[in-house]
Amino acid sequence: MVVKNLNIGLLGHVDSGKTSLAKVLSSISSTASFDKSSQSQQRGITLDLGFSALLIDTPAHIKCQCPEIEQIQITFVDCPGHASLIRTIIGGAQIIDMMILVIDAQKGIQTQTAECIVIGALLKRKLLVVVNKIDMFESEEKKAATLKKLDTKLRKAISSTQFGDSFSIFHVSAVSGEGIQELLEGIKSNLYMPTRNLDEPFLMYVDHCFSIKGQGTICTGTVVQGSVSVNDNIDIPSIKEQRKVKSMQMFRRPVQKASMGDRVGICLTQFNAKSMERGILCQVGYMQLIYAAVIQCNVIEFYKYAIKSKSKFHVSVGHNTIMAHITLFQGTGESPVFNSALEYEYIDELDEDKCKQTTSQTVFCLLEFETPIYATSNSILIASKLDLDVHSTCCRLAFWGNMQWHTNNANYTKEQLSTWKIYKTKEKQGTVQRVASDQEIIVQNLFKKESNRQIYLGKKIQLSTGECGQIESTFGQTSKVKITFRECLKEDTLRLLKEGRANDVIVMLKYKKYVFNKNLGIIQ
Ligand SMILES: Nc1nc2c(ncn2[C@@H]2O[C@H](COP(=O)(O)OP(=O)(O)OP(=O)(O)O)[C@@H](O)[C@H]2O)c(=O)[nH]1
């Protein structure tokens, strides 16, 4: 029997009814489903990803493309909704093919609804919207009016994202069952066969790990790339060891092979399950630790705070979230970023214009991780400010991007970054000490006493009165320099200087200073 697995995430604000919906939609539960953990039950909220499944006959529109698929197993990934668990939500969204956005009919769009839309949109997931709890209205009239208004609001809010308006909205009650049959039909008709590239190296995101005495250690998770078979040797990067795949199960069915998109439990030869609560399994030698990365910086339009170089953001990759120190810069060209012939301008703070990237200027972000992470060259990195107040009504997701460059070298700073030409535009100002001739002036205060004036020789300067000249030579033992002009200075300028009004004639030197290569100093 050929059964294909598809993963559908249930995302939405806390208490909108995601777990209740997962329950009514599923026929198979797993060891991690429906808030079984005692902590979850005590607090009454989902604390971790929950997995359950529904087996259906292959819908006709898929059957005609893939006649060999007899049944489809839909794995529902029930994500937490509470603001403090956004890391888990981001992790959950990375393993799904389609997302069901759950909204409380009476509360409408709430803060985490918006964050979930952002996450789903940037990961390019297919979207279905479910308005839940429609049994809670006091009258049919009130229900019809509220739902009509909410649908319009939802379409308006979502249409500005990558989802556009190509999504369906369903009105249901997970408690009374109203609308559930229509939702199931809607899910079936929206199913599609995502591209599964099985030739890539095996990679699995593990969400739970536990030991069974006498058998081994079980890792449950989703295969996000390639495939794995019983008896394969695989890497456990977090403990830097390899283990053999002893057996595998998909929702309690033993299988010999699992491929991209499958939810699977893999039994490995024993290791300490505590060493890997969340993590990855992969083909031997595939994953390496990454110490820094560059992404093209796609700013999330709902993020309302400043994005500044030298600040720190949380960065999520797969199920992992770590702190990173950021440096922003912009340049021409798309990827790959680092052509040593190109120069990039350092950005202190992203303003609105820079957020709207033009085709000629692309904003990049260097992320230097506080602790190294495992990522692959096609990983999506999502940066957020999770230390913002969880009760805030603002979106905490700031920007995201695919990896353009990364380094596995812990000592990368000196060895690699110094070849990058990321510059800051600097300006020095000085005053005229005396006029040597009408084409020659001696300038003071442009440099500090200890500055090496030699490296500035030949650089252009401009006077605040408009004339352009160049630094001809150093002058004397102090910090002065001689500046020459091709043309004679303007009469007005000479008059000001003769009258001793040196402060009205400012000498300006603009130059580029490289961020990662202090020695290079200046170019023009
Ligand atoms: N009346 C009514 N109550 C519902 C419905 N769906 C869920 N509930 C109730 O709403 C509360 C929250 O439901 P959950 O399914 O736990 O919500 P959730 O979105 O999974 O919650 P978190 O995962 O913690 O964000 C529970 O008390 C449910 O019984 C519904 O359709 N109608």
Side-chain angles (χ1 to χ4, degrees), residues 1-11 17-34 49-79 92-93 95-102 120 124-132 166-198 204 220-224 227-229 248-265:
M1 167 84 84
V2 181
V3 182
K4 277 278 169 226
N5 185 66
L6 292 174
N7 301 296
I8 301 187
L10 290 145
L11 285 85
K18 300 175 288 298
T19 308
S20 310
L21 273 170
K23 261 187 206 166
V24 295
L25 293 172
S26 309
S27 56
I28 313 162
S29 65
S30 78
T31 43
S33 61
F34 312 144
L49 299 175
F51 298 90
S52 54
L54 173 70
L55 207 56
I56 57 166
D57 290 334
T58 308
H61 69 283
I62 294 185
K63 191 94 187 162
C64 64
Q65 284 169 4
C66 318
E68 73 288 359
I69 303 175
E70 288 158 85
Q71 285 197 307
I72 288 183
Q73 174 181 273
I74 300 173
T75 297
F76 290 106
V77 183
D78 174 21
C79 296
I95 56 171
I96 58 172
D97 304 300
M98 192 158 126
M99 119 180 198
I100 293 181
L101 179 70
V102 186
K124 299 191 174 60
R125 302 299 179 230
K126 189 165 181 177
L127 173 72
L128 290 187
V129 175
V130 172
V131 176
N132 186 34
S166 57
F167 61 90
S168 309
I169 303 180
F170 297 88
H171 302 144
V172 308
S173 164
V175 166
S176 72
E178 189 183 347
I180 295 294
Q181 199 47 44
E182 289 81 351
L183 172 59
L184 267 173
E185 293 309 318
I187 292 173
K188 285 180 195 168
S189 63
N190 276 283
L191 288 180
Y192 71 105
M193 270 299 133
T195 318
R196 307 278 199 217
N197 190 350
L198 305 184
M204 169 168 155
T220 62
T222 307
V223 180
V224 291
S227 60
V228 62
S229 299
M248 292 193 285
Q249 283 192 359
M250 290 188 203
F251 286 95
R252 302 193 186 97
R253 272 184 304 121
V255 290
Q256 288 298 307
K257 186 174 179 180
S259 308
M260 180 177 173
D262 287 338
R263 168 141 193 95
V264 68

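Just so we're clear, the structure is a prediction, and the values are computed from it rather than from any experiment.
Looking at His61, its side chain does come within 3.5 Å of a backbone N or O of Leu191 through a donor-acceptor pair. Ser189 places a side-chain N or O within 3.5 Å of a backbone atom of Gly186 that can act as its donor or acceptor partner.
When all heavy atoms are compared, the tightest approach of Ala174 to Ile180 is CA-CD1, 4.4 Å. Minimum heavy-atom separation, Leu127 to Phe167: O-CB, 3.4 Å. Of all heavy-atom pairs spanning Phe170 and Glu182, the tightest one is CE2-O, 3.7 Å. Here the shortest heavy-atom pairing between Pro67 and Cys64 reads CD-O, 4.4 Å. The heavy-atom pair separating Asp78 from Ala22 by the smallest distance is CB-CB, 4.3 Å.
To the nearest 0.5 Å, the span separating CD on Gln71 from CG on Leu54 amounts to 10.0 Å. The CG atom of Leu101 sits 11.5 Å away from atom CG of Asn132, with the distance rounded to the nearest 0.5 Å. Taking CD1 from Ile96 and CZ from Arg125, the interatomic distance works out to 6.0 Å, rounded to the nearest 0.5 Å. One distance of note links NE2 of His171 with CD of Glu178; it measures 10.5 Å at 0.5 Å rounding. In this structure, the separation between OG1 on Thr58 and NZ on Lys4 is 10.5 Å, given to the nearest 0.5 Å. Here the straight-line distance linking atom CZ of Phe76 with atom CG of Leu49 works out to 15.0 Å at 0.5 Å rounding.
Residue-environment remark: NZ (Lys257) stays at or below the threshold of 12 foreign heavy atoms within 6.0 Å.
The side-chain contact (heavy atoms from CB on, under 4.5 Å) test with Asn5 singles out one residue from Leu55, Thr75, Ile74, and that residue is Thr75. Each of Asn190, Leu11, Ile187 was checked for a side-chain contact (heavy atoms from CB on, under 4.5 Å) with Ile100, and the lone residue meeting it is Ile187. Just one of Met248, Met204, Met260 meets the side-chain contact (heavy atoms from CB on, under 4.5 Å) condition when paired with Val228; it is Met248.
The shortest distance between side-chain heavy atoms of Gln249 and Arg252 falls below 4.5 Å. Residues Asp262 and Met250 meet the side-chain proximity criterion, which asks for heavy atoms closer than 4.5 Å. With contacts defined as side-chain heavy-atom distances shorter than 4.5 Å, the pair Val223/Ser259 does not qualify. With a 4.5 Å cut-off on side-chain heavy atoms, Leu10 and Thr19 do not count as touching. With a 4.5 Å cut-off on side-chain heavy atoms, Leu25 and Ile8 do not count as touching. Ile95 is not listed as a side-chain neighbour of Asn7, based on a closest heavy-atom distance of 4.5 Å or more. Between Val77 and Thr222, every side-chain heavy-atom pair lies at or beyond the 4.5 Å cut-off.
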Could you walk me through whether Met98 and Leu6 pass the side-chain contact (heavy atoms from CB on, under 4.5 Å) check? CA-CA 8 Å; Met98 192 158 126; Leu6 292 174; over 6 Å; no
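Contact check on Asp97 versus Arg196 returns a salt bridge, with a Lys/Arg side-chain nitrogen under 4.0 Å from an Asp/Glu carboxylate oxygen.
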